[in-house]
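Basis for what follows: all heavy atoms, side chains included, without hydrogens, waters or symmetry-related copies. By convention in this document, chain letters (A, B, ...) are assigned in the order of the sequence lines, proteins followed by strands, and residues within each chain are numbered from 1.
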Protein chains: 2
Amino acid sequence: MPISGLMERVFQALASTPRRKILAYLAHAELSAGDIAARFEMSKPAVSQHLSVLENAGLIVSEKRGQFVFYRLIPDTLTNVLNGYAQEVCPVSRPLKAESRVLAEQQREEG
Amino acid sequence: MPISGLMERVFQALASTPRRKILAYLAHAELSAGDIAARFEMSKPAVSQHLSVLENAGLIVSEKRGQFVFYRLIPDTLTNVLNGYAQEVCPVSRPLKAESRVLAEQQREEG
DNA sequence: AAAGAATATAAGTAATTACTTAAATAAATT
DNA sequence: AATTTATTTAAGTAATTACTTATATTCTTT
């Protein structure tokens, strides 16, 4: 699987506020399709389609357990793609690293 | 200007291969609209529209000098938004930092 | 086995996006 | 001042996307 094709799908997937929200929800916990849909105004099929887009981009993975389908994040995909591209655009990714460090420290202070 | 509105526009802007390519070109040098258009198969107006999208997202800035319009990157917008969102999704942004380091080393080896 | 619940797929539609060519604007050259 | 060059704006269209409701599938419960 070419990384560029994956990058295409990841950025496509991220270009939607509901989908970015879904990823943020899944950052904290594994959730069923119904759990996720309950957090949105839109219909369940609409949420289901968003989940498909995210799964096809390799950002999340689904697992059917009984009646439910649980979704969880694959954090590596996101970080690899974002860094991979940031690397192309921000030489040596220095700003990205610097910013990461600052934010990590802030969170350490807060946590 | 709310950061969330900017985030929306940035991710929207990044969801296009030609636009990501434009940013990569501008990472290395300031270029005129014509210089950029020459690197693509599509028409000049099409490229011009892509440049508008990128500029409205705060990712690039334009400056008219004589007959030409030069574009250059605003790297901070990209790193701030990508990190801001990665922060929401990847707790403590640890993976992001780790990946940055790996990629930076790879580039050091290659360069 | 029938009914109910969770989810996905199908089919249709409205809104958005990414192009195209043609026309307008503005600066440089003759 | 007229022409050429660089770029953008305008207008139209084809393709894509994001929803909707209705139907199908798969599990659980009775």
Trainee: Quick check on C:dT7: is either OP1 or OP2 less than 4.0 Å from any side-chain nitrogen or oxygen of A:Ser32?
Mentor: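 So the side-chain polar atoms of A:Ser32 do come within 4.0 Å of the phosphate oxygens OP1 or OP2 of C:dT7, strictly under.
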
Trainee: Do the charged groups of B:Glu30 and B:Arg65 touch, with an N to O distance under 4.0 Å?
Mentor: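 Judged by the 4.0 Å cut-off on N to carboxylate O distance, B:Glu30 and B:Arg65 do form a salt bridge.
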
Trainee: Drop me the distance from B:Glu63's CD to B:Arg72's CZ, to the nearest 0.5 angstrom.
Mentor: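 If I round to the nearest 0.5 Å, the distance is 5.0 Å.
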
Trainee: Indicate, with yes or no, if the rings of B:Phe11 and B:Tyr85 have centres closer together than 6.0 Å.
Mentor: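 Yes, ring centres under 6.0 Å apart.
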
Trainee: Once rounded to the nearest 0.5 Å, what's the spacing between atom CD1 of B:Ile36 and atom OG of B:Ser48?
Mentor: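 Going from the CD1 atom of B:Ile36 to the OG atom of B:Ser48 covers 10.0 Å.
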
Trainee: Mapping B:Ala33 and A:Pro18 to their closest nucleotides on DNA chain D, which lands nearer the 5' end?
Mentor: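 Its nearest nucleotide being more 5', the pick is B:Ala33.
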
Trainee: So where does chain A start and stop touching DNA chain D, 5' to 3', when the test is distance under 4.0 Å to a non-hydrogen atom?
Mentor: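 Endpoints of the contacted stretch of DNA chain D: D:dT17 to D:dT28.
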
Trainee: How far apart are the closest heavy atoms of A:Leu26 and A:Ile60, and which atoms are they?
Mentor: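 Distance-wise, the nearest heavy atoms are CD1-CG2, 3.6 Å.
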
Trainee: Going by atom types only, do A:Asn80 and A:Thr77 share a side-chain donor-acceptor pair under 3.5 Å?
Mentor: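 There is no such pair (donor and acceptor under 3.5 Å, judged by atom type) between the side chains of A:Asn80 and A:Thr77.
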
Trainee: For the pair A:Thr79 (side chain) and A:Asp76 (backbone), establish whether a donor and an acceptor sit closer than 3.5 Å, ignoring hydrogens and angles.
Mentor: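 Judged by distance alone, yes, a pair lies under 3.5 Å.
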
Trainee: For B:Tyr71, report the nucleic acid contact type (base, sugar-phosphate, nothing); a contact means any heavy atom under 4.0 Å.
Mentor: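 It contacts sugar-phosphate atoms only.
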
Trainee: In B/S/- notation, 5' to 3', how is nucleotides 20-28 of chain C contacted by protein heavy atoms closer than 4.0 Å?
Mentor: BBB---SBS

Trainee: Check the phosphate of C:dA8 against A:Ser48, side-chain N and O only, distance under 4.0 Å to OP1 or OP2. Yes or no?
Mentor: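 Yes, such a contact exists.
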
Trainee: Assign A:Ser52 to base, sugar-phosphate, or nothing according to its heavy-atom contacts below 4.0 angstrom with the strands shown.
Mentor: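 Counting heavy atoms under 4.0 Å across all strands, no contact is made by A:Ser52.
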
Trainee: Do the charged groups of A:Arg20 and B:Glu88 touch, with an N to O distance under 4.0 Å?
Mentor: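 Answer for the salt bridge query: no.
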
